[in-house]
Peer 1: 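Handing you this structure, nothing more for now.
First the proteins, then the strands, lettered A, B, ... as listed; each starts at 1. Keep in mind that this is a model prediction, so the values were computed, not measured.
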2 protein chains.
Amino acid sequence: MKRTRNRVTSYDVARLAGVSQPTVSRAFTPGASITKDKRDRVLAAAKQLSYLPNSIARSLANARSNIVAVIVGDMHNPFYAESLQAFITRLQDSGRHVLAFTISDGRDCDDALMQALGYHVDGIVVTSAHLSSDLISTSQDAGIPIVLFNRRTADPALASVRCENEAGAATLARAMCNAGGREFLIIRGDPQGSTSRDRVNGFRSELEALGVAPGRVEEIDGQSSYAGSYDAVLSRFKDKVRPFPDAIFAVNDIMAIGCADALRGEFGLAIPDDIMLAGFDGVREATRAPYELTTIRQPIEVMVEKTLDLLERKQSGTLEDAGNSLVVTGELIAGKTVPAGTAAPGGDGDRS
Amino acid sequence: MKRTRNRVTSYDVARLAGVSQPTVSRAFTPGASITKDKRDRVLAAAKQLSYLPNSIARSLANARSNIVAVIVGDMHNPFYAESLQAFITRLQDSGRHVLAFTISDGRDCDDALMQALGYHVDGIVVTSAHLSSDLISTSQDAGIPIVLFNRRTADPALASVRCENEAGAATLARAMCNAGGREFLIIRGDPQGSTSRDRVNGFRSELEALGVAPGRVEEIDGQSSYAGSYDAVLSRFKDKVRPFPDAIFAVNDIMAIGCADALRGEFGLAIPDDIMLAGFDGVREATRAPYELTTIRQPIEVMVEKTLDLLERKQSGTLEDAGNSLVVTGELIAGKTVPAGTAAPGGDGDRS
DNA sequence: TTGTAGGCGTTATCAA
DNA sequence: TTGATAACGCCTACAA
């Protein structure tokens, strides 16, 4: 009744191969001391029984799960979908795996984190939302490292990997000024999120440094999503007599795309002729023909690699507390939504 | 020296709470026989030590991992990104979790599957590619159920959940005929994949039933991706004097979008005025303003639910072999890329 | 309701 | 190199 399931264990293989159980274990451990002869015999027996080492038991025995938890927010933002795929691919290639969590609407990040901790994963990657400092210290007690991806917090104990958001946004501000932008509109994302805040700040302060009066910079909330941005643009342009912006900075690409669709579809505006537009992230969608968005590309592959590095170093204790935060440089993608600037004011529009 | 890691176990909690270890276990098991008094004491102690039950150990003890492996292909196709998120959300809500695998370029599906089997997961969901029958029988021996999502195989032993691909494609064929389509172009996906094949077949046979000569139906390869479709359309229309199609059926939405972008951006064609277009999947992107694609929506939530149902029933042995394949009905989304049919002949609502 | 004893399948330790 | 034996942390009997 209990023995209904046909579980093949290392003991079965050992018996068939005429060796001891630990020898079976060694046969499956790269670089273990075992004669080729025995290893072959074991592997043959294993194959015959279609035996597969039980990763769960292994995890329990050596206190290493080879699992990394990745907590991801909205996968409708291609940046996160791409990032998740990058994590999966990279970990899979190194024999580890991703336990995926999501924080869809309302679900608490702490909740997901707690569950992840329960699996004694090797590390946790958080791509969104806020963590209670309670959980953070719990994870530290448990020796499970956490790294924020594309996020940061004031708490220096929390490692993070992110892009130079301020600098990137500043670059875009310069480009738009050069192209003749005078009245600006910012579409921000989650006001609580560090990423949106940093980009908005970077953009604003560069504008100020370039002599644009703060009164010429308006800000609306795009809720980090396509639909949010679309709607925000809709209601902003619907019956507003206010100064008409000639340059829009959406804090991420998905919102920039939503904005572009609204501007064109609802108001028949041309980009960049009537209004210029910039985004941030450099997702694939943004580079497509209908958009060719001017944006900053976040080097996802690099960021993922650095995130995993950081996790490992934190786990092995190589890392103390300095250098906890890695900041990578984004690359300006000169699309067609911001005309090439000719330093001189007045613009030119030369982009054959 | 080994004890450097501060692992809190149920024994520690038991000691602090003045109870036995199994009592701690019971305190964390909903519906176990334990007095409220003791449970409270245990939970208090647990909190004080920030103890978290070890899911790995639990899995080993009761031979149930509460983990479902999801093997996903290309996450650049929003259909799969959405599906993955749906799986994660739903499993997370029921206290289970997703171990995510990917089969990026060239990586073998069997490989991922093997690794999944090693974790003795409760079930495996496969959203793409082919499985060797070897692996399938291995998983059956191991008692780990596999369900194909949006795929099928000839092998009846393999359960699958999918949409009525033929019927959906047929509906689109009718709609396009009704709208005046005479020369057809099909953009297919992976010719090896059942999904693309079924849709192509459904489309073709309905056309034939409607009296369209096979010679009027052309087929090109869009490689299941935006870029593949874009390029295919590009080279098809570049210098082709062949009959100009007036109706295009892309086997999935992401390819339809690529096609639309190419038609408009490269050739200045209007949709549906110059050429009509239909897709399949009903992803969010396809419904957006620039596209408003006529397509068939696959009910992802329902499909996910049925997939998990199937997994559970297979695991508990409730399922023999009949009814292994669940087919759900897709919903026609009447977008703007196929003009409303002027009824006329063959305009019946239901499918005979 | 509670505690004791044994098992889940592996890796780690230490002799041989 | 190999084998016996003890963890790993929990759950499921079974007995009290």
Peer 1: Without decimals, in angstroms, what is the distance between Leu60(B) CG and dG9(C) P?
Peer 2: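 From Leu60(B) CG to dG9(C) P: 7 Å.
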Peer 1: Can you measure Ile56(B) atom CD1 to dC8(D) atom C1' for me and round it to whole angstrom units?
Peer 2: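 Interatomic distance, CD1 of Ile56(B) to C1' of dC8(D): 11 Å.
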Peer 1: Hey, mind stepping through Asn150(A) and Thr127(A) against side-chain contact (heavy atoms from CB on, under 4.5 Å) and telling me if it holds?
Peer 2: CA-CA 6 Å; Asn150(A) 194 33; Thr127(A) 70; 6.0 Å; no
Peer 1: Of Val19(B) and Ser25(A), whose nearest nucleotide on DNA chain C comes first from the 5' end?
Peer 2: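 Counting from the 5' end, the first nearest nucleotide belongs to Val19(B).
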Peer 1: If you compare all heavy atoms of Leu52(A) against all heavy atoms of His120(B), which two are closest, and at what distance to 0.1 Å?
Peer 2: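 Here Leu52(A) and His120(B) meet closest at O-NE2, 4.3 Å.
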Peer 1: For the residue pair Ala46(B) and Phe28(B), what are the closest heavy atoms and their distance?
Peer 2: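 Shortest heavy-atom contact: CB-CZ, 3.8 Å.
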Peer 1: Within this structure, what is the CZ-to-P distance between Arg15(A) and dG3(D), rounded to whole angstrom?
Peer 2: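 Spelled out: CZ on Arg15(A) to P on dG3(D) is 15 Å.
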Peer 1: Using rotation axes that map the C1' atoms of four end pairs onto the next four (five pairs an end), what angle separates the end axes of the helix from dT1(C)-dA16(D) to dA16(C)-dT1(D), to 10°?
Peer 2: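 So the angle between the two local helix axes works out to 30°.
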Peer 1: For dC10(D), take OP1 and OP2 only and decide whether either is under 4.0 Å from a side-chain N or O of Ser10(B).
Peer 2: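 Ser10(B) to dC10(D) OP1/OP2: side-chain N or O found under 4.0 Å.
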Peer 1: Less than 4.0 angstrom between a side-chain N/O of Thr9(B) and OP1 or OP2 of dG9(D), yes or no?
Peer 2: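 No, because none of the side-chain N or O atoms of Thr9(B) sits under 4.0 Å from OP1 or OP2 of dG9(D).
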Peer 1: Ignoring backbone atoms, establish whether Ser20(A) has a side-chain N or O less than 4.0 Å from OP1 or OP2 of dT2(D).
Peer 2: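 For dT2(D), OP1/OP2 do not have a side-chain N/O of Ser20(A) under 4.0 Å.
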Peer 1: Answer yes when Asp309(A) and Arg313(A) have at least one side-chain N-carboxylate O distance shorter than 4.0 Å, and no when they do not.
Peer 2: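 Salt bridge: no.
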Peer 1: Over all heavy atoms of both residues, which pair between Val121(A) and Ser65(A) is shortest? Give the atoms and the distance, please.
Peer 2: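 Heavy atoms of Val121(A) and Ser65(A) come nearest at CA-OG, 3.3 Å.
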Peer 1: Taking the minimum atom-to-atom distance to the side chain of Pro22(B), which one of dA5(C), dC8(D), dC10(D) wins?
Peer 2: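 Closest nucleotide among those given: dA5(C).
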Peer 1: To the nearest angstrom, how far is Arg64(A) atom CZ from dC8(D) atom P?
Peer 2: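 Checked: the CZ to P distance equals 18 Å.
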Peer 1: Determine the minimum heavy-atom distance between Leu84(A) and Leu84(B), stating which atoms define it.
Peer 2: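 For Leu84(A) and Leu84(B), the tightest heavy-atom pair comes out as CD2-CD2, 3.9 Å.
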Peer 1: Do Glu301(B) and Lys306(B) sit within salt-bridge range, that is, some charged N less than 4.0 Å from a carboxylate O?
Peer 2: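 No, no charged N to carboxylate O under 4.0 Å.
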Peer 1: Within this structure, what is the CZ-to-C1' distance between Arg26(B) and dG9(D), rounded to whole angstrom?
Peer 2: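 It is 16 Å, rounded to the nearest whole Å.
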Peer 1: Check Arg15(A) with Asp12(A), please: is the shortest side-chain N to carboxylate O separation under 4.0 Å?
Peer 2: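 Salt bridge flag = yes for Arg15(A) with Asp12(A).
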Peer 1: Starting from P on dG9(D), measure out to CZ on Arg7(B) and report it in whole angstrom.
Peer 2: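 Distance check: Arg7(B) CZ to dG9(D) P gives 6 Å.
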Peer 1: Please find the pair of heavy atoms, one from Ser83(B) and one from Phe149(B), that lie closest to each other, and give the distance.
Peer 2: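 For Ser83(B) versus Phe149(B), the nearest heavy atoms are OG-CE2, 3.4 Å.
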Peer 1: Among the candidates dA13(D), dC11(D), dA12(C), find the nucleotide nearest to the side-chain atoms of Asn62(B).
Peer 2: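 Ranking dA13(D), dC11(D), dA12(C) by closest atom to the Asn62(B) side chain puts dC11(D) first.
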Peer 1: If you compare every side-chain N and O of Thr23(B) against the phosphate oxygens of dG3(C) (OP1, OP2), does one of them come in below 4.0 Å?
Peer 2: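 Affirmative; the distance criterion is met.
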Peer 1: Using a heavy-atom distance cut-off of less than 4.0 Å, which residues of residues 30-55 of chain B contact DNA chain D?
Peer 2: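 Residues of residues 30-55 of chain B that come under 4.0 Å of DNA chain D are, in numerical order, Tyr51(B), Pro53(B), Asn54(B).
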Peer 1: Rounded to whole Å, how long is the line connecting atom NE2 of His120(B) with atom C1' of dG9(C)?
Peer 2: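 Rounded to the whole Å, the gap is 9 Å.
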Peer 1: In terms of side-chain heavy atoms of Gln21(A), which of dG3(D), dT11(C), dG9(D) is nearest?
Peer 2: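 When the side chain of Gln21(A) is considered, dT11(C) is the closest of dG3(D), dT11(C), dG9(D).
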Peer 1: Let me see the working for Ser160(A) and Leu326(A) under side-chain contact (heavy atoms from CB on, under 4.5 Å), right down to the final yes or no.
Peer 2: CA-CA 6 Å; Ser160(A) 87; Leu326(A) 282 176; over 6 Å; no
